[in-house]
Amino acid sequence: MNMIANLKTDITPEGPDYETVRKVIELISEDYRDQPSLETISAALNQSPTQLQKTFTRWAGLSPKGFLQAVTLDHAKRLLRQEELPLLETSLEVGLSGPGRLHDLFVTHEAMSPGEWKARGGGLTIRYGFHPSPFGIALVMATDRGLAGLAFADVGQEQPCLEDMTCRWPNAEYIEDSEATQSYATRIFQPGQWSADQPLRVVLIGTDFQVRVWESLLKIPLGRAVTYSDIAQDIGQPTASRAVGAAVGRNPISFVVPCHRALGKNGALTGYHWGLTRKRAMLGWEAGQM
DNA sequence: GAATGTCTCCATG
DNA sequence: CATGGAGACATTC
């Protein structure tokens, strides 16, 4: 439990702001029919409209109104439709020089061998730590080869979140070491520190099929989105969209491997392992980074 | 648009 | 070999 005490001293204000933002997004997605005004929302959260506006904008880089805009079906469709650039064919190297990726987080990745996957994490040492993030509490997991896991939890839900992750590689050795994971957290959640010069090292641990799907996800730049069938196409199995969905859902490095940029063919968000609210939050937050 | 129902596909265990 | 899912599509309100 002392991990929670540590949170306060870590990067702020991004951590606490998310609680407010989360409630706003939740409220809006439940009552979207009534088009709740800023006043209604702030009253429900027991805050003044101006204060809410301020918190929200600090978090999102967007006004609540702009954020709402960014999370509508219309906008999602727009993200999907920008087909002028060769999207999934774009290699990381090509992306490096592309102006559209200037503000994206750059990643180099390696995949574990099938043998290593079969060992279910055996022989692997994984260090982990909880850190505040713009999307709630982030669980960061790293091997000496690089970032291996990134998960999210709401306050008080750290334990189930940790189990969700450790179950995936049951034979690994786990060491709580938030000092070791801190630099990853800082790097990932501060767009100012995203740079193409020093890409983030990432290790993909999964089945062959899953790894191919995750590699495909890594090619989606900030401000774009693809459908599950696009990905199926990209990995050469055009009819496997449903299996792709399952694989996307098992992505162990959420956010860094941008599974939130995978949408249904009609632009609907369709699902997210760490909660649809978080998926909305990520898409909205990213809209504010562009 | 949203909600509901049906059909199909394929990785996973 | 059974299973079921973060899909796709059609139909209806």
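Naming: A, B, ... by sequence-line order, numbering from 1 per chain. Since we're looking at a predicted model, the values are computed, not measured.
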Quick one: side-chain contact (heavy atoms from CB on, under 4.5 Å) partners of [X], sequence neighbours excluded?
X	value
A:E116	A:M112, A:S113, A:R145
A:T239	none
A:A246	none
A:K77	A:L73, A:R81

ask   = Taking DNA chain B as the partner, which of residues 202-215 of chain A come within under 4.0 angstrom of it by heavy atom?
value = A:T207, A:F209, A:Q210

key: Stretch residues 22-29 of chain A: residues that reach within less than 4.0 Å of DNA chain B through a heavy atom   = none

remark   = Taken in chain and number order and not counting sequence neighbours, the residues that satisfy salt bridge (charged side-chain N to carboxylate O under 4.0 Å, His left out) with A:R78 are none

key: Counterpart residues, salt bridge (charged side-chain N to carboxylate O under 4.0 Å, His left out), relative to A:E215 (two or more places apart)   = none

Measure from [atom1] on [X] to [atom2] on [N] and round the result to the nearest Å.
X	N	atom1	atom2	value
A:I231	B:dC10	CD1	P	16 Å
A:R242	B:dT6	CZ	P	14 Å
A:H75	B:dG1	NE2	C1'	18 Å
A:K118	B:dT12	NZ	P	14 Å

Residues, nucleotides or ligands: over 12 heavy atoms within 6.0 Å of A:E39 CD = yes

Within the 3.5 Å criterion, strictly below it, is a donor on [X] or [Y] matched to an acceptor on the partner's side chain?
X	Y	answer
A:N251	A:S254	no
A:Q182	A:T186	yes
A:S178	A:H131	no

task = Could you tell me which residues satisfy ring-ring contact (aromatic ring centres under 6.0 Å, His included) with A:Y228, sequence neighbours excluded, listed by chain and number?
result = none

inquiry  = Over all strands shown, is A:L276 touching base, sugar-phosphate only, or nothing at heavy-atom distances under 4.0 angstrom?
reply    = nothing

query = At under 4.0 Å between heavy atoms, what does A:A246 touch on the DNA or RNA strands: base, sugar-phosphate, or nothing?
reply = nothing

ask   = What stems, by residue range, does DNA chain C take part in, given at least 3 consecutive Watson-Crick or G-U pairs under 3.5 Å?
value = B:1-7 with C:7-13, B:9-13 with C:1-5

ask   = Is there a donor-acceptor contact under 3.5 Å from the side chain of A:S216 to the main chain of A:R212?
value = no

task = Give the minimum heavy-atom separation between A:P252 and A:A148, together with the two atoms involved.
result = CB-O, 3.9 Å

request  = Check A:F67 against A:R280 and note the closest heavy-atom contact, atom names and distance.
outcome  = CZ-O, 3.9 Å

Proximity to DNA chain C (any heavy atom under 4.0 Å), residues of residues 259-267 of chain A only = A:C259, A:G264, A:K265

note = When A:D74 and A:Q237 are each assigned the nearest nucleotide of DNA chain B, the 5'-most assignment goes to A:D74

request  = Between A:W117 and A:T239, just flag the one whose closest nucleotide in DNA chain B comes earlier from the 5' side.
outcome  = A:T239

key: Step-by-step ring pair (Phe, Tyr, Trp, His ring centres under 6.0 Å) determination, A:W285 to A:F135   = CA-CA 9 Å; A:W285 183 85; A:F135 312 108; 5.4 Å; yes

query = Using a heavy-atom cut-off of 4.0 Å to chain A, what are the terminal contacting nucleotides of DNA chain C, in 5' to 3' order?
reply = C:dG5 to C:dC9

Ring centre gap for A:H260 and A:Y272 strictly below 6.0 Å = no

